[in-house]
Amino acid sequence: MQVQDFDVGAEIAALRLGNPAVGAVASFIGCVRDMNEGDSIGLMYLEHYPGMTERELEKIATEAHGRWDIFDTLIIHRVGELRPLDQIVFVAVTSAHRGESFAACEFIMDFLKTKAPFWKREATPQGDRWVDARVSDDAAAARWKQ
Amino acid sequence: MQVQDFDVGAEIAALRLGNPAVGAVASFIGCVRDMNEGDSIGLMYLEHYPGMTERELEKIATEAHGRWDIFDTLIIHRVGELRPLDQIVFVAVTSAHRGESFAACEFIMDFLKTKAPFWKREATPQGDRWVDARVSDDAAAARWKQ
Amino acid sequence: MTIQLIFLARLRERFRVSREAFALAPGAATVSTLLDQLRERGGAFAEELAPNRAFRVAVNQDVVTFDHPLKAGDEVAIFPPVTGG
Amino acid sequence: MTIQLIFLARLRERFRVSREAFALAPGAATVSTLLDQLRERGGAFAEELAPNRAFRVAVNQDVVTFDHPLKAGDEVAIFPPVTGG
């Protein structure tokens, strides 16, 4: 968790860290959109539950390592005030072959969306509102159950 | 196709290009590994078929746009001499929601691996050899057939 | 027996409190009995914690089911379904 | 009737030629009849283009099946299965 922005190029370079066994890096960036549910968004505020957040992200990464043959995982999530175009979240996974890093990266995002204690409040022309959980996120996370 | 290296952070920024409707950026980097099929790799040479390469990459991107609700796609592939740790290929896809960009990015990589006319020759302690096509790449591409 | 209550996001705003020490009624306590006590406050508590509303409870930072037992000193957080990422 | 032949990667090395103008035998020509003519050269051509070997043929930069017809001026590339990415 961090308030400040992140540099995806530098983060990926640090994750690979001169490991010549890495053949694949899958990554994902989530960004603030200027529209949601048909309303224009000016400002967004991201709240989290300090302590539990770190534990949940650690659990999600551990679960990914248990499921796939991957080298390293990185999860960065911003909190506080954000605006359209801002980066919110970054997930990157390294592996020898591409299938594993793709699957693990998408798995981490799906679980982060449904398990990690973050909440978005957005400012719309009709006033502030808390974003509702998406049913599609639950469905995305449910696919990973054996 | 290019001989020179690329900066993934700058490429992603250019792909998003201030589009505030983008909520998701999925990307993939393929890198040269120092081991393949049990042999250590010193140098790698990437040959392609100029003209057809551009056409195939264009076809793959068009196919991805037809299948998913995505904004923009970027495919960069290097040719010529490369060494372990070097970046070979970069694919990035932007969309409103993450499912589409993840799927399109993996689809592009799977098709690039089986359709785009690139060939790898690698230098091993036993001499130079052309890399054989992987059966697993054909299987990965075959999953996308309806 | 006292526990630490934490309310987050929309529930924090609705209840106008983010953290409080809370005295559980004597006897075997679970998340369910805690929720019953909170609903007795009425108002936003009765409304937001009604059985048909979607909210989650974490005890010592792990999400639990409502039959989870509580002990003195537990950190009990109540929050809406998460919406990060 | 003359076509442009292109050999790539391992086949270019084995045949020791990357590009040549090639005169097709008179009559209706397809990729199959071209391959027959090339195999008649023997050596690496007969070996690498044997029917049990894995190679691909593109006509004017589109991969085609071996019954694809050929016409004068076509660019015909023969190459191993691709291994990029």
Side-chain angles (χ1 to χ4, degrees), chain A residues 1 28-33 36-37 44-60 75-80 82 87-91 105-122 127-138 140-141, chain C residues 2-22 29-31 34-35 38 43-85:
Chain A
M1 274 67 49
F28 179 83
I29 309 165
C31 317
V32 182
R33 293 185 300 140
N36 194 25
E37 313 270 324
M44 164 164 288
Y45 177 79
L46 259 150
E47 174 169 335
H48 76 122
Y49 177 8
M52 180 169 165
T53 315
E54 291 82 350
R55 285 166 55 104
E56 285 299 313
L57 296 188
E58 192 63 39
K59 274 195 234 171
I60 291 168
I75 307 176
I76 299 175
H77 204 297
R78 292 175 72 188
V79 293
L82 298 173
Q87 304 183 118
I88 305 171
V89 62
F90 181 60
V91 173
C105 187
E106 195 164 10
F107 169 86
I108 289 172
M109 273 307 303
D110 285 349
F111 272 74
L112 191 150
K113 282 269 187 183
T114 51
K115 302 276 190 193
F118 292 101
W119 298 271
K120 286 175 179 162
R121 191 183 65 207
E122 50 193 22
D128 281 17
R129 68 181 178 202
W130 289 93
V131 174
D132 272 333
R134 288 164 57 98
V135 175
S136 63
D137 285 333
D138 288 333
Chain C
T2 302
I3 59 168
Q4 276 295 325
L5 270 182
I6 293 176
F7 302 113
L8 290 147
R10 196 173 49 76
L11 295 185
R12 174 177 51 71
E13 288 190 347
R14 288 278 287 148
F15 300 160
R16 294 167 188 281
V17 57
S18 62
R19 179 180 278 270
E20 65 173 294
F22 186 84
T30 65
V31 169
L34 164 66
L35 292 171
L38 286 170
F45 286 93
E47 221 175 85
E48 295 287 347
L49 303 179
N52 65 328
R53 298 300 292 267
F55 58 87
R56 307 277 180 270
V57 178
V59 174
N60 301 324
Q61 305 182 351
D62 278 315
V63 170
V64 297
T65 53
F66 292 178
D67 58 355
H68 191 88
L70 296 178
K71 60 182 194 308
D74 277 347
E75 175 179 303
V76 181
I78 306 182
F79 48 78
V82 305
T83 57

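Quick caveat, the model's predicted, so the values are computed rather than measured. Reminder, nothing fancy here: chain letters follow the sequence lines and each chain counts from 1.
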Qualifying residues under salt bridge (charged side-chain N to carboxylate O under 4.0 Å, His left out), relative to C:Lys71, sequence neighbours excluded: C:Asp74
A:Lys115 versus chain C, the contacting section by heavy-atom distance below 4.5 Å: backbone
Any side-chain heavy atom of A:Glu47 within less than 4.5 Å of one from A:Trp130? yes
Closest non-hydrogen atoms of A:Asp137 and A:Thr114, given as atom of the first, atom of the second and distance, are O-CG2, 3.3 Å
What distance do C:Leu11 atom CG and C:Ile78 atom CD1 have between them, rounded to the nearest 0.5 Å? 7.5 Å
To the nearest 0.5 Å, atom CD of C:Glu75 lies from atom CE of A:Met52 at 10.0 Å
Checking an interface table here. Which of residues 45-61 of chain C come within a heavy-atom distance under 4.5 Å of chain A? C:Ala58, C:Asn60, C:Gln61
Cationic N near anionic O, under 4.0 Å, C:Glu13 to C:Arg10: no
Go through A:Arg134, A:Lys113, A:Arg129, A:Met109 and name the one with the most non-hydrogen pairs under 4.5 angstrom from chain C. A:Lys113
Of the backbone (N, CA, C, O) and the side chain (C-beta and beyond), which part of A:Asp138 lies under 4.5 Å from a heavy atom of chain C, both, or neither? neither
Quick one: closest heavy-atom pair of C:Gly85 and A:His77, and the distance? N-NE2, 2.9 Å
Minimum heavy-atom distance A:Met1-A:Val79, with the two atoms named: CG-CG1, 4.0 Å
Winner by heavy-atom pair count (cut-off under 4.5 Å) against chain C, out of A:Val131, A:Leu112, A:Asp132, A:Ile88: A:Val131
